[in-house]
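Quick notes on the structure that follows.
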Amino acid sequence: MTIRRPLLWVSVAFAGAVLLHIDRLPPWACAAAFALAAVRVRAAAWVPGILTRAVAALAVVAVVLARFHTLNGLTAGTTLLVLMGALKLLETRSTRDEFVMVGAALFLLLAACLDREQLTRVPLYGLHAWLCCAALAVVAYPQCPALMAARLAGRALLLALPLAALLFVLFPRLPGGFWSIPRMAEASTGL
């Protein structure tokens with residue numbers, strides 16, 4: 001059986017999102033995500049049963065909890081999102097599922113932006129956003145040629161660029177990491 005084009009685009013967008021975190025996440029998590037994506041692309045018609053999916057999801061939560069001792073935080077949360085996204089990719093059947101997968105890839109892009117805020121990474125983030133937008137076009141219109149999807153995604157991102165630049169200039173910047181609590185002073189007792 002031949003693979004559906006939207007599934008291929010969604011898988012590539014998800015794999016690209018995992019690549020954004022390849023040096024920050026545990027190697028086993030990235031390897032598992034790539035392996036599950038490869039299994040899904042290779043066996044496009046196969047979808048695991050509900051019991052298999054439930055056991056796999058519980059196992060993923062247990063492994064992340066055992067490794068990080070929490071499900072909170074940028075690294076633990078991103079690892080959980082990568083692994084749960086890979087499991088979701090295994091069960092994609094409908095257009096809605098493919099839209100959810102592109103959403104997961106966009107959330108992983110957001111996690112990468114929160115983790116590394118350097119301006120030198122903006123082209124990489126822009127390229128991945130472009131890939132995700134093109135994947136959205138292919139999922140919405142499966143007969144859309146690849147070049148047309150790429151053009152549509154590029155045009156949408158170019159139209160969003162003035163608003164992004166305006167928000168970059170006007171949005172207040174907080175000191176330190178966006179997700180962390182600033183430490184003004186350490187706790188002390190007495191005077």
Side-chain angles (χ1 to χ4, degrees), residues 3-44 46 48 53 55-92 97-139 146 149-150 153-154 157 160 164 168 176-180:
I3 186 169
R4 291 181 51 229
R5 283 185 67 235
L7 179 61
L8 183 61
W9 277 81
V10 164
S11 299
V12 169
F14 180 72
V18 173
L19 280 174
L20 291 174
H21 298 279
I22 196 141
D23 61 334
R24 298 286 188 164
L25 297 183
W28 56 266
C30 295
F34 289 134
L36 290 172
V39 164
R40 182 62 178 131
V41 168
R42 181 85 173 133
W46 176 75
R53 293 191 316 253
V55 168
L58 289 174
V60 161
V61 171
V63 166
V64 170
L65 196 55
R67 167 67 170 82
F68 296 102
H69 305 291
T70 184
L71 297 177
N72 295 337
L74 192 60
T75 306
T78 303
T79 303
L80 186 63
L81 180 59
V82 162
L83 294 172
M84 286 297 192
L87 290 177
K88 179 64 180 171
L89 186 60
L90 277 182
E91 67 174 7
T92 52
D97 293 334
E98 291 163 348
F99 281 128
V100 168
M101 284 308 304
V102 175
L106 288 169
F107 273 109
L108 285 170
L109 173 62
L110 178 62
C113 291
L114 288 175
D115 190 26
R116 295 188 202 140
E117 301 172 354
Q118 297 91 2
L119 286 177
T120 56
R121 295 186 61 89
V122 168
L124 182 62
Y125 297 154
L127 183 66
H128 188 261
W130 176 65
L131 177 63
C132 287
C133 288
L136 283 173
V138 172
V139 169
L157 289 174
F168 178 78
F178 183 68
W179 61 91
S180 66

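No option in L19, V18, T79 other than V18 meets the side chain to side chain contact (heavy atoms under 4.5 Å, CB included) test with C30.
Across A137 and A149, no two heavy atoms sit closer than the pair CB-CB, 4.1 Å. Across all non-hydrogen atoms, the minimal contact from C133 to A153 is CB-CB, 3.5 Å. Scanning both residues, L20 and R121, for their nearest heavy atoms gives O-NH2, 3.8 Å.
Side chain of W130 to backbone of A150: a donor-acceptor contact under 3.5 angstrom is found.
Under the rule for a side chain to side chain donor-acceptor pair (under 3.5 Å), T75 has no partner lying at least two apart in sequence or in another chain.
You'll find the side chain of R53 stays beyond 4.5 Å of the side chain of L90, heavy atoms only. E98 places a side-chain heavy atom less than 4.5 Å from the side chain of L7. Residues L89 and L36 fail the side-chain proximity criterion, which asks for heavy atoms closer than 4.5 Å. A heavy-atom distance below 4.5 Å is not found between the side chains of W9 and L136. Using a 4.5 Å heavy-atom cutoff, the side chains of K88 and F14 are not in contact.
Expressed to the nearest 0.5 Å, how far CG of L109 lies from NE2 of H21 amounts to 7.5 Å. Rounding to the nearest 0.5 angstrom, the gap separating the CZ atom in R24 from the CG atom in L74 is 9.0 Å.
With hydrogens and angles left out, the side-chain atoms of T92 and R40 include a donor and acceptor closer than 3.5 Å.
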